[in-house]
Participant: 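One structure, as structure tokens, below. Some questions next.
To find a chain, count down the sequence lines: A is the first, B the second, and so on, and within it residues start at 1.
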2 protein chains.
Amino acid sequence: MDFLQQIGYAGLNSRIKRLSDELLYSTRDYYKNAGLNIEPNWHLIFLLLEKHNSLTITEISQELRMSHPACVKIINKMKKKNYIETKTDKNDSRKQLLELSEKSKNKLPNLHKHWDACIETTKELIENSPNFMQELTEFEKLVADKNYNERTIENVKEL
Amino acid sequence: MDFLQQIGYAGLNSRIKRLSDELLYSTRDYYKNAGLNIEPNWHLIFLLLEKHNSLTITEISQELRMSHPACVKIINKMKKKNYIETKTDKNDSRKQLLELSEKSKNKLPNLHKHWDACIETTKELIENSPNFMQELTEFEKLVADKNYNERTIENVKEL
DNA sequence: TAATTATTTGTAACTGGTTACGTAAATATT
DNA sequence: AATATTTACGTAACCAGTTACAAATAATTA
């Protein structure tokens, strides 16, 4: 029983962060061991561009609900390693249309093999937690409706 | 329904990260709005040093199950703002004994007021998720027993 | 049409973690 | 007692997000 568990509700946010970090770093180990020359957070970009063929930074950041500078950073790394190609939109020169490169398309079958293994692992980890996905969704919904900051302001009791 | 939810198990790790980030940044907003001049991740250090009076970097990193360089970074910031004082252990000059400063002790009542509000918020967020804490604990236990990397290696199906 | 506003993308500076490596002190071994 | 190993702490370089600001283009409004 570790300290974060001992302190109950006070430790929940940090436990979620700790778990998130553990999963991220362990996934990175896996990618490295498997000889994949990609970062874990490229996964979703691959999936999105596989599905939509061509997207802009703004569209990706909306799909993933992540800030656009975060997406820019990921995309730049992927471009540097030739996983993504860009062209400027003909009708709106501000927009950069992003597409998977040939290199990416060639690698996708192998990548999917590993992503499938990840899915199996995830299933394994929550197979005895039948409510986890649903309750996580509820959690996401609640913080989307009113965030932690706003809720806590209302919960402060002035001394 | 966003993309991460659409893709089911494949999106779980990223959803946990996204939630973790959202909670972290929103908590930082709260601290800022409340005029507290501290970072969210100092919380656990305060609680630990309140409980144990004096701890070393190594002990803190073990209690929190976090790398020691991460703890060093946090502690250095807290020292820079005079929340923590250090003295060298008389019996082992490698060890730095960390203690809360007078400034910290004076601020603790006010800090606890806000931390209590955070606890209320957390309760609010999971009040309709009666299994969340328990299933999270199970999740933590499973990845501690065998991490995501090791599990996924076993789940790969060679083509 | 000219001026204002909004959108898209990029950059800088910040927080928050990790692993890998180095140094000094303590402990164990020979 | 001298040498080797372990422990404690610190630093550097990396990944992954955020907010705030800036510049260029597009869209709207006066």
Side-chain angles (χ1 to χ4, degrees), chain A residues 13-29 31-32 37-45 55-62 64-81 86-98 147-149, chain B residues 13-29 31-32 37-45 55-62 64-81 86-98 147-149:
Chain A
N13 292 8
S14 295
R15 284 170 66 187
I16 293 172
K17 168 140 188 62
R18 187 172 63 178
L19 179 61
S20 161
D21 284 339
E22 161 67 21
L23 293 173
L24 177 63
Y25 297 125
S26 203
T27 302
R28 183 145 61 202
D29 282 347
Y31 280 23
K32 200 171 183 179
N37 203 7
I38 66 172
E39 295 292 334
N41 58 1
W42 298 7
H43 181 188
L44 299 170
I45 309 285
L55 290 171
T56 66
I57 290 277
T58 304
E59 287 165 341
I60 288 177
S61 75
Q62 286 163 348
L64 301 184
R65 305 209 177 154
M66 207 159 64
S67 73
H68 84 268
C71 296
V72 169
K73 282 190 196 178
I74 299 171
I75 297 294
N76 280 342
K77 287 190 185 175
M78 294 180 75
K79 278 164 75 175
K80 192 170 282 177
K81 293 217 175 177
T86 58
K87 45 187 175 187
T88 306
D89 188 313
K90 285 175 186 170
N91 305 316
D92 185 342
S93 68
R94 293 171 306 180
K95 292 183 183 173
Q96 293 293 309
L97 302 178
L98 308 175
N147 67 31
Y148 203 89
N149 172 34
Chain B
N13 292 8
S14 295
R15 284 169 67 186
I16 293 173
K17 167 140 188 64
R18 187 171 63 177
L19 178 61
S20 161
D21 285 338
E22 161 66 23
L23 294 173
L24 176 63
Y25 297 124
S26 203
T27 302
R28 183 146 63 200
D29 282 346
Y31 280 23
K32 200 171 183 178
N37 203 7
I38 66 171
E39 295 292 335
N41 58 0
W42 299 7
H43 181 187
L44 300 170
I45 309 285
L55 289 171
T56 67
I57 291 275
T58 303
E59 287 165 341
I60 287 176
S61 75
Q62 286 164 349
L64 301 184
R65 305 208 178 156
M66 206 160 64
S67 72
H68 84 268
C71 296
V72 169
K73 282 190 195 178
I74 299 171
I75 297 294
N76 280 343
K77 288 189 184 175
M78 294 179 75
K79 277 165 76 175
K80 193 170 282 177
K81 294 218 175 177
T86 57
K87 46 187 176 188
T88 306
D89 188 313
K90 285 174 186 171
N91 304 317
D92 186 341
S93 67
R94 293 171 305 180
K95 293 183 183 173
Q96 292 293 309
L97 303 177
L98 307 175
N147 67 31
Y148 203 89
N149 171 34

Participant: Which is more 5' along DNA chain C, the nucleotide nearest A:Lys32 or the one nearest B:Glu39? Just name the residue.
Facilitator: B:Glu39

Participant: Side-chain N or O of B:Asn41 versus OP1/OP2 of C:dG17: is the shortest distance under 4.0 Å?
Facilitator: yes

Participant: Take B:Asp29 and A:Arg28, find for each the nucleotide of DNA chain D with the closest heavy atom, and name the residue whose nucleotide sits nearer the 5' end.
Facilitator: A:Arg28

Participant: How long is the span from the CG atom in B:Asn149 to the NZ atom in A:Lys32, to the nearest 0.5 Å?
Facilitator: 11.5 Å

Participant: Rounded at 0.5 Å granularity, tell me how far CD1 in B:Ile60 sits from CG in B:Leu98.
Facilitator: 5.0 Å

Participant: Which residue, A:Asn91 or A:Arg65, contacts DNA chain D at a nucleotide closer to its 5' end, judged by nearest heavy atom?
Facilitator: A:Arg65

Participant: How many Å lie between CE on A:Met66 and C1' on D:dT18, as a whole number?
Facilitator: 11 Å

Participant: Please confirm whether the shortest side-chain N or O distance from A:Ser93 to OP1 or OP2 of D:dA26 is below 4.0 Å.
Facilitator: yes

Participant: Between B:Leu24 (CG) and C:dT15 (C1'), how many Å, whole number?
Facilitator: 8 Å

Participant: For the pair made of OH in A:Tyr31 and C1' in D:dC15, what is the distance, rounded to whole Å?
Facilitator: 14 Å

Participant: For B:Glu22 and D:dT19, what is the distance between atoms CD and C1' respectively, to the nearest whole Å?
Facilitator: 14 Å

Participant: Would you say C:dT15 has OP1 or OP2 under 4.0 Å from some side-chain N or O of B:Lys77?
Facilitator: yes

Participant: Report yes if the side chains of A:His43 and A:Thr27 come closer than 4.5 Å at any heavy-atom pair, otherwise no.
Facilitator: no

Participant: May I have the distance from A:Ile60 (atom CD1) to C:dG10 (atom C1'), rounded to whole angstrom?
Facilitator: 15 Å

Participant: How many whole angstroms separate atom CG of B:Asp89 from atom P of C:dT27?
Facilitator: 10 Å

Participant: Applying salt bridge (Lys or Arg N to Asp or Glu O under 4.0 Å), which residue pairs with at least one partner in residues 13-27 of chain A are found, sequence neighbours left out?
Facilitator: A:Asp2-A:Arg18, A:Arg15-B:Glu140, A:Lys17-A:Asp21, A:Arg18-B:Glu140

Participant: Any side-chain heavy-atom pair from B:Gln96 and B:Thr56 closer than 4.5 angstrom?
Facilitator: no

Participant: Hey, is the side chain of B:Ser67 poking within less than 4.0 Å of OP1 or OP2 on C:dT18, counting only N and O atoms?
Facilitator: yes

Participant: As an exercise, state the distance from CG of A:Leu64 to CG of A:Leu44, rounded to the nearest 0.5 Å.
Facilitator: 5.5 Å

Participant: Applying side-chain hydrogen bond (donor to acceptor under 3.5 Å, both in side chains), can you list everything that pairs with A:Tyr25, at least two apart in sequence or on another chain?
Facilitator: none

Participant: Considering only nitrogen or oxygen atoms on both sides, find all protein atoms under 3.5 Å from nucleotides 8-12 of chain D and state each distance.
Facilitator:
{"unit_1": "D:dC9", "atom_1": "OP1", "unit_2": "B:Gln96", "atom_2": "N", "d": "2.9"}
{"unit_1": "D:dC9", "atom_1": "OP2", "unit_2": "B:Thr58", "atom_2": "N", "d": "2.8"}
{"unit_1": "D:dC9", "atom_1": "OP2", "unit_2": "B:Thr58", "atom_2": "OG1", "d": "2.4"}
{"unit_1": "D:dG10", "atom_1": "N7", "unit_2": "B:His68", "atom_2": "NE2", "d": "2.9"}
{"unit_1": "D:dG10", "atom_1": "O6", "unit_2": "B:His68", "atom_2": "NE2", "d": "3.2"}

Participant: Between C1' on C:dG16 and CE on B:Met78, what's the gap in Å once rounded to a whole number?
Facilitator: 15 Å

Participant: Rounded to whole Å, please give me the gap between NE2 in A:His43 and C1' in D:dC15.
Facilitator: 18 Å

